Structures are given as structure tokens and as C-alpha cells.
Amino acid sequence: MLRFIVRRLLQLVLVVFVLSILLFAWLRALPGGVVSAMLGERATPESRAALTAELGLNDPLPVQYWRFLQRALQGDFGASTSVQVGRPAMEVFLERFPATIELALGAMLIALLLAIPLGYIAARRRGSALDNLSVVGSLVGVAVPVFFLAFLLKYYFSIKLGWLPVSGRQDVGDATRVTGFFVLDGILTREWDASLDALKHLVLPSIALASIPFAMIFRITRASVLDVLDEDYVRTAQSKGLGSRVIRGRHVMRNALLPIVTAVGLQTGALLGGAVLTETVFNFPGIGQALSQSFSSRDFAVLQVIILAAAIVYVLVNLVVDVLYAVIDPRVRTR
């Protein structure tokens with residue numbers, strides 16, 4: 001297992017290195033170049049020449065990439081020009097990243113708590129009303145755009161009923177900050193009102209963001225359990241008189257887990273992309289909202305750190321999935 005994890009870690013380093021090259025190439029391939037994108041309509045020959053020299057764009061590409069890589073390893077991506085003007089891009093990212101992690105964890109928790117049990121029950125009761133209703137619900141979850149569902153939730157539960165906050169991350173302005181995770185900070189400092197308030201702000205964005213992961217994980221769980229239920233070893237276990245709990249845990253769910261783990265890993269990584277729309281609708285100050293603002297205002301310092309960090313998170317999630325594979329199925333360790 002240790003050799004397997006080390007091998008995957010080395011692959012992770014290689015993938016991140018390739019991603020840094022792609023990010024560097026993308027910045028150099030922007031229409032008109034980085035200088036034109038940063039200066040915009042204010043560009044003059046003198047200002048272009050000054051900024052080109054300041055950024056070192058006259059140097060050979062390998063020298064520019066090496067400089068970019070050194071700065072990236074030190075966390076230096078430049079200063080924000082729009083999200084928080086003049087502030088280092090890394091600080092902007094670190095301030096907003098916990099919000100997106102809280103939102104993604106809330107969405108994935110909702111998706112898992114609903115999708116896996118419903119998928120298993122639907123497979124066990126194939127063709128029943130519950131099965132048909134669950135399949136229709138999963139199709140709706142895939143078909144309805146996240147931003148549209150977010151607007152519906154916001155209108156009904158916030159504006160019409162007034163049960164939950166309309167937007168933002170927390171209304172308690174004097175809450176103590178410890179980790180940047182507002183729910184956890186309230187628990188650590190015993191400021192229960194602040195923690196509850198942050199949790200209320202998470203409910204609607206998490207439900208909206210959970211719609212697609214729920215649908216995908218439900219369908220994968222249902223299909224995987226159906227495949228396993230038709231296997232000979234399940235019928236053999238039933239004929240031997242084994243209890244239903246043993247059959248469900250040892251024979252059905254364990255053998256159905258691999259596709260489910262794959263779906264969970266992929267959807268966890270995809271949540272970062274879905275967070276852009278959700279955070280924009282609910283004015284939730286995470287990296288998704290910052291990414292949207294950076295694209296619209298050409299804040300390339302913030303764009304760089306968010307894109308690279310999102311890629312690293314995605315790769316780390318896939319590493320966790322690989323390790324879980326090896327735990328569930330020991331045969332994977334030899335591949």
C-alpha cells in the first residue's frame with residue numbers, strides 16, 4: 001500500500017507540473033498578449049514597453065517559465081487588480097477558499113446522504129413506484145440548470161417564506177475568526193449564534209449545488225447495485241441462508257462501491273466548477289465568485305492562483321479515490 005501511495009504521489013507531482021506549463025502557455029496565448037489584456041484601452045506604446053520590461057516578457061520563454069514557476073512555488077502570483085485591488089492574489093485565494101470548501105462539503109454531504117440510500121433502495125425495489133419516482137427525480141436534477149434551481153430556492157425559501165437568508169455567508173459581523181470556516185469557528189469559540197447563522201447561509205447554496213452530484217451518484221449507485229444483485233455469488237449467499245444484513249454489507253454494497261467511489265470523486269472535483277454559478281447567485285464570497293469576477297475584469301493574478309489551486313484540488317481528490325480503490329479492492333494495488 002505504501003508503494004502504491006508513493007507511486008500515485010509521484011504521478012500527482014508530474015500532473016501538477018504539466019498543468020503549470022499549460023497555465024503558463026494559456027497566459028501567453030491570450031488575444032493581444034498579457035500586456036494588452038492588463039492595460040486594455042489605456043495601452044500606449046510607452047506603457048506597453050514599460051509593462052513588458054517589468055514582466056520580463058522580452059526574455060526567452062524557458063526563462064519566463066522558470067521565473068513563473070519559482071514565484072508560484074513561493075505563492076507569489078502578483079497583486080489583484082479587481083477582486084481586491086492591490087492585495088496579493090494568494091491572500092485573496094486563502095481568504096475565499098474556506099467558503100468554497102464549506103459549500104462543497106455541504107453539497108456533497110447532502111448528495112451522499114440522499115443518493116446512496118435512495119440508489120440502493122431503488123435497485124432493491126426495481127420497477128416500483130419509488131424506483132420510478134427516484135429515476136425521474138435524478139433526471140430533473142441533471143436537466144435543471146444549477147443557476148435556475150438556485151434562483152427558485154432563493155425566491156421561495158428566502159424571499160417568499162423568509163425562512164433562510166437571501167445571500168452572503170454570515171450576518172454576525174463581530175464573530176471571531178479562527179480557521180476561516182465560519183461554522184467551525186463558531187463551534188471552536190462557542191459562539192453558537194454565529195455558527196448557526198453561517199449554517200443557515202449554507203443551506204440553500206448547498207442544496208442548489210448538490211442537485212447534479214445527487215443525480216449522478218444516485219444513478220451510478222442504482223446501476224451498480226443492480227449489476228451486483230444479478231451476480232451468482234449473491235444468489236449463492238441467499239441460498240445458503242445468510243442474513244440480509246450480511247448480504248447487503250459484505251456482498252452487495254462492497255462490490256458495488258468501486259463505481260460509486262469513482263462518481264463521488266469526479267463530482268467532488270466538479271463542485272468547484274459548479275460553485276461559480278451558485279456563489280454568484282447567492283453572493284457567496286468563495287473562489288467561484290472570485291473566479292467569475294476575475295474573468296470579467298481580466299484579473300490574471302487571481303485567475304492564475306485559482307485555476308492552479310482548483311487543478312491541484314482535483315488531482316488530490318483523484319489521489320484519494322485511488323487510495324480508496326486500493327482499500328476496497330486489493331487487486332488495484334498491483335496495477
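Everything numeric here is computed off the predicted structure, so don't read it as measured data.
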> Would you check if the side chain of N132 reaches a backbone N or O of S128 as a donor-acceptor pair within less than 3.5 Å?
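Answer holds: yes.
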> Flag the pair I217 / M108 as yes when at least one side-chain heavy-atom distance between them is below 4.5 Å, and no otherwise.
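Touching, per the 4.5 Å side-chain cut-off.
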> Answer whether the closest heavy-atom distance between the side chains of I101 and F181 falls below 4.5 Å.
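Yes, their side chains come closer than 4.5 Å.
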> Can you find a heavy atom in the side chain of P98 that is under 4.5 Å from one in the side chain of R169?
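Yes. Closest side-chain heavy atoms under 4.5 Å.
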> Do H201 and D171 come within less than 4.5 Å of each other through their side chains, counting heavy atoms only?
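H201 vs D171: side chains touch.
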> Between T100 and G286, is there a donor-acceptor pair closer than 3.5 Å when you use the side chain of the first and the backbone of the second?
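No, because the side chain of T100 does not come within donor-acceptor range (under 3.5 Å) of the backbone of G286.
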> Does the side chain of I116 come within less than 4.5 Å of Y120's, by heavy atoms?
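A side-chain contact under 4.5 Å is absent here.
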> Report yes if the side chains of F218 and L114 come closer than 4.5 Å at any heavy-atom pair, otherwise no.
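They are not in contact (no side-chain heavy atoms under 4.5 Å apart), so the answer is no.
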> State whether the side chain of T280 and the backbone N or O of Q289 hold a donor-acceptor pair below 3.5 Å, judged by distance alone.
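No, the answer is negative, given that no donor and acceptor are paired below the 3.5 Å cut-off.
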> Using a 4.5 Å cut-off on heavy atoms from C-beta on, say whether the side chain of R219 contacts that of V135.
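Touching, per the 4.5 Å side-chain cut-off.
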> Looking at M216, I want to see if its CE is surrounded by more than 12 non-hydrogen atoms of other residues, nucleotides or ligands under 6.0 Å.
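No, CE of M216 has 12 or fewer neighbouring heavy atoms, counting only those of other groups under 6.0 Å.
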> Kindly say whether T179 contributes a backbone atom to a donor-acceptor pair with the side chain of D185 at under 3.5 angstrom?
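Such a contact is found between D185 side chain and T179 backbone.
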> Quick one, L118 with F214, criterion side-chain contact (heavy atoms from CB on, under 4.5 Å). Give me CA distance, side-chain angles, the key distance, then yes/no.
CA-CA 10 Å; L118 275 177; F214 160 76; 4.1 Å; yes
> Do other residues, nucleotides or ligands put more than 12 heavy atoms under 6.0 Å from R177 CZ?
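Buried by this count: over 12 neighbours within 6.0 Å.
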> Would you please classify the geometry between the F24 ring and the F68 ring as parallel, tilted or perpendicular, with 30° and 60° separating the classes?
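Tilted, since the angle between the ring planes falls between 30° and 60°.
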> To the closest 0.5 Å, what do you measure between CD (Q70) and CG (D76)?
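Going from CD on Q70 over to CG on D76, the span is 11.0 Å.
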